[in-house]
Amino acid sequence: MYILKNKMKKISYLFVFAMAALFLAVPMTSKAQVWASDGVHSTVMYTVKHVVTPMLGVFKKFNIEITFDPTKPLETKINGTLDASSVVMGMDKLEGHLRSPDFFDVAKYPEWSFQSTGITVNKKVKSKNGYFAAGKLTVRGVTKDVVIPFEFLGSKEDPRGATAGFAAEFTINRVDYGVGQPDGGGMVSNDVKINVMLEMHPKK
């Protein structure tokens with residue numbers, strides 16, 4: 001009887017070990033995290049050439065959310081809005097002109113937005129965390145289909161909790177969106193380069 005009990009005990013241990021090994025071998029189901037932009041540590045800016053010199057503009061108010069699962073990156077969803085009146089270029093007169101109907105017309109079109117419609121892999125990014133976000137970009141009431149390259153910079157825990165980083169750089173033609181006159185009378189370039197650098201935290 002003692003031998004039988006001892007054998008049963010060994011079988012029980014083996015069963016427990018086998019189940020534990022099986023459990024560890026099966027990948028855990030990951031869940032997409034909704035990340036929200038940290039307005040203090042994120043930047044949305046643009047550069048546009050005035051005559052021959054690039055000038056920098058920054059938008060101070062925006063809200064961007066990215067639903068991202070690193071194991072299923074092609075299911076990523078991006079939604080963002082921007083307060084066009086929050087533009088800063090360091091000169092009150094210039095900022096006032098940008099907010100006027102000549103350019104942004106913020107009284108009529110206060111908000112710009114982007115909504116993704118699909119994600120593909122950008123194989124040119126060395127980190128292998130590069131993607132293209134196809135979607136709808138709305139500026140000054142005009143919506144265009146665009147493809148924006150972006151990169152997942154990684155995530156980690158810090159004293160505030162979880163933090164993730166994303167970055168994007170792309171160029172648009174301002175005239176396509178009715179911003180200013182073509183060639184700006186020979187003063188302002190049509191092409192505008194936009195840079196987005198996001199520090200993000202889990203949405204509450």
Requested in this report: Salt-bridge test for Glu151 and Lys128: reply yes if a basic N is under 4.0 Å from a carboxylate O, no otherwise.
Outcome: no
Query - Heavy-atom check, side chain of Leu137 versus side chain of Ile172, under 4.5 Å - result: yes
Report task. Answer whether the closest heavy-atom distance between the side chains of Phe68 and Pro73 falls below 4.5 Å. Result -> yes
**Report entry** Asp176/Lys144 ion pair, N-O < 4.0 Å
**Finding:** no
Query - Heavy-atom side-chain proximity of Arg160 to His201 below 4.5 angstrom - result: yes
Query raised in the report: Should Ile66 and Ile194 be counted in the same cluster of Ile, Leu, Val, Met, Phe, Trp and Tyr side chains packed under 4.5 Å apart?
Result: yes
**Report entry** Ionic contact status for Asp191 with Arg174, cut-off 4.0 Å
**Finding:** no
Requested in this report: Could you state whether Phe170 and Val121 fall into the same hydrophobic cluster, counting links through intermediate Ile, Leu, Val, Met, Phe, Trp or Tyr residues with side-chain heavy atoms under 4.5 angstrom apart?
Outcome: yes
Report task. Measure the OG-CG distance between Ser42 and Asn63 for me, rounded to the nearest 0.5 Å. Result -> 10.5 Å
Report task. Would you indicate whether Asp92, at its atom CG, is surrounded by more than 12 heavy atoms from other residues, nucleotides or ligands within a distance under 6.0 Å? Result -> no
Query raised in the report: Considering only heavy atoms from C-beta outward, does the side chain of Asp69 approach that of Lys31 to under 4.5 Å?
Result: no
Requested in this report: For residues Met200 and Ile64, report the shortest heavy-atom separation together with the two atoms involved.
Outcome: CE-O, 3.3 Å
Query raised in the report: What pair of heavy atoms forms the shortest contact from Leu198 to Ser37, and how long is it?
Result: CD2-CB, 4.2 Å
Query raised in the report: In terms of hydrophobic clusters joined by side-chain contacts under 4.5 Å, are Met197 and Phe114 together?
Result: no
Requested in this report: Report yes if some heavy atom in the side chain of Tyr177 is under 4.5 Å from a heavy atom in the side chain of Thr143; otherwise report no.
Outcome: no
Report task. Could you state whether Val88 and Met91 fall into the same hydrophobic cluster, counting links through intermediate Ile, Leu, Val, Met, Phe, Trp or Tyr residues with side-chain heavy atoms under 4.5 angstrom apart? Result -> no
Report task. For residues Tyr109 and Thr138, determine if any side-chain heavy atom of one lies less than 4.5 Å from a side-chain heavy atom of the other. Result -> no
**Report entry** Reported OG1-to-CG distance for the pair Thr163 and Asp158, which is rounded to 0.5 angstrom
**Finding:** 3.5 Å
Requested in this report: Just jot down the side chain to side chain donor-acceptor pair (under 3.5 Å) partners of Glu95, sequence neighbours excluded, or say none.
Outcome: none
Requested in this report: Look at the rings of Phe104 and Tyr46 and say which category their plane angle falls in: under 30° parallel, 30 to 60° tilted, over 60° perpendicular.
Outcome: perpendicular
Report task. Report yes if the distance between the aromatic ring centroids of Trp112 and Phe62 is under 6.0 Å, otherwise no. Result -> no
